[in-house]
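Just so you know, these numbers come straight off a predicted model, no measurement behind them. Indexing begins at 1, ligand by ligand and atom by atom, following the structure's order.
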Amino acid sequence: MCSVFGYIGKQYSRQLVMEGLSRLEYRGYDSAGFACLDPQSNHIVYSKASGDLQHLKDKLNQQSIDGYVSLGHTRWATHGGFSADNAHPHFDCEKNIALIHNGIIENHQELREELRAAGHVFHSETDTEVVAHLFEQELGRRDLSIELCSEIFSRLQGAYAFAIILEQYTNTMIVARKRSPLCVGVGKDELFVSSDPLAFIDKTRDVLFMPDESFALLSPSGIALYSFNGQSLSIATSSLDFSFEQQDKQQHEHFMLKEIYEQKAAIKNTLTHLQALSADLLWKQLGLKNEQVKDVEKITLLGCGTSWFAGRIAQFFFEEIAHISTQVSVASEFRYMSFFPRSNTLCIAITQSGETADTLEALRVVQSYGVHTIGLTNVASSTIVRETQGSLFTQAGCEVAVASTKAFVTQLTALYWLAHRLAMEKGLIELSDMQAAEQNLLIAAEALEECIEQNKLRIMQELAPYYATYKQYIFLGRHIGYPLAMEAALKLKEITYIFAQAYPAGELKHGPLALIDAQIPVVVFSHQAHIIYHKLVANVQEVKARDGHVIAFAFEGQQELISLADTVFIIPHVAPLLEPIAMIGLMQFFVYQMALVLDRPIDKPRNLAKSVTVE
Ligand code: AGP
């Protein structure tokens, strides 16, 4: 997604802007740009380049532009293809105003027509550019003022974070936020503006997270903050206590591989962190009162992509362990659906990054019903933590690869653990059951790693080169194995670009069976419960009877399935409901090796970003 970075102060800032942008690389991008006010001429000077940040850096190395007031941006295309013209900053007709934006201006078409009719000439296909012309239009008639900003921002529909510089006001930067994240780092006689404090955390720890629907006029000596209706707001800064850690792949070829191998430790760290929470501390951190905990009637889980699948699996945890009716919604669809909360409903939004726009929007809808919300995230400084009444943290460590691996298993760990804590609070299980559950998580983590170790060579030498030649795949599972199949299919699509579709195994005969032939391998995730296993075996028989090719993830001793499959991976037994943790590492490794054979850019697959901050 787009990243916004700005600086206003007493230093030449090009280098620190570039450094800030590199730290925001995880957001993915296709072009980048830099602009500043030239201290001698007071004119805006800029540079833009298509492609990754290095292209912009190389271009800037040929130029001498730098200044005390500057903007940097990386773009993830929404409106208009990736080109230097569409890269930010964007300008008004005279290039007296430069601005950068993250988000989408939904009414840009209407504004563009209005501005065109007034004589403005556009130079890009972006939705962003209209805002530069809107400022130009208004500043042609009157001076910069609170009213002027308030009027302009109130006209913009959609989601946005803006930083704007103007030749006419060399000591001012305008910033604004609606829905998209934006924060201001407060230094001594200098301010840093960013989509994420990570970009400036080594320069200052004092951060103003811009309130939703607010704008600010920044100068080196301070911040004047206003709501969109022009009311002055007080400045409440937070002091952050994390540091930027340069991530490196260690001995691994890709971050994804490193992160696959970190899963066992990530599960253990998450568990240790959770175990350290006394009951009082836990419920307090979740923003709940003890009486509320006992009476939770319904849980709503929200998430996107892999986090949604973690929720789909966790539904079984909350229903089977804590006996709480649980609904799981994909966050990007939630706002179009009816929602019927019961009097004591809990909503848990699952998001590794804590910044996913779809998840945050769904959460805001839930909050409008007065429902208690909790964010389950891996990033303690993220937006979700500020917007929910309670938080629970996974301890996966920084996940760099776009394809989520260790974040997923730590989400499962935290949700499985929480389901047991709720069950204990409700008197459904004893402390000894809770301790056994914790032990079982560690055993599943062990199984995850063991499965990779045992199959590693076979996958690398034989299976990955062979299976990378297929063009499409079907994934099957039942019960908890179905969301696991969905997650596995997503991983295959993301990093190999091979088409894959997951089905509940019982649905095969209701249509997809028509697809079966020797050209479309069927990956089956087995289950330990006998009744489910036998039904799965029947589904595999149906596939084999039609010349299908089966890859099975079977548990030890499941002889019938083992002999039916063309390729089989044997998984050690783990506690019920922890099957996905035991199996997913091996699946990720298998898919990773296929992507390697296909020479894909594994850590940054085309078109994708790590953090998806637009709807
Ligand atoms: C997973 O491999 C994905 N890259 C993606 O589906 C991701 O899980 C999704 O965008 C949600 O992200 P979040 O957990 O940061 O909210």
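- In this structure, Arg179 is not positioned above the aromatic face of Tyr160 in the sense of NZ or CZ being under 6.0 Å from the six-membered ring centre and within 45° of the axis.
- Counted by atom type alone, Gln327 and Thr300 present one or more donor-acceptor pairs between their side chains at under 3.5 Å.
- Listed by first and then second residue, the ring pair (Phe, Tyr, Trp, His ring centres under 6.0 Å) pairs that reach into residues 371-406 come to none, sequence neighbours excluded.
- In the model, Ser307 has no side-chain atom that pairs as donor or acceptor with a side-chain atom of Gln352 under 3.5 Å.
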Distance-only donor-acceptor pairs under 3.5 Å for side chains of residues 580-590, two or more places apart:
from, atom 1, to, atom 2, distance (Å)
Gln588, OE1, Gln263, NE2, 2.6
Gln588, NE2, Gln263, OE1, 3.4

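- Within 4.0 Å of ligand 1, counting heavy atoms only, the contacting residues are Cys304, Gly305, Thr306, Ser307, Thr351, Gln352, Ser353, Thr356, Val402, Ala403, Ser404, Leu490, Lys491, Glu494, Val612.
- Applying the ring pair (Phe, Tyr, Trp, His ring centres under 6.0 Å) test to every pair with at least one member in residues 595-615, sequence neighbours left out, gives no pairs at all.
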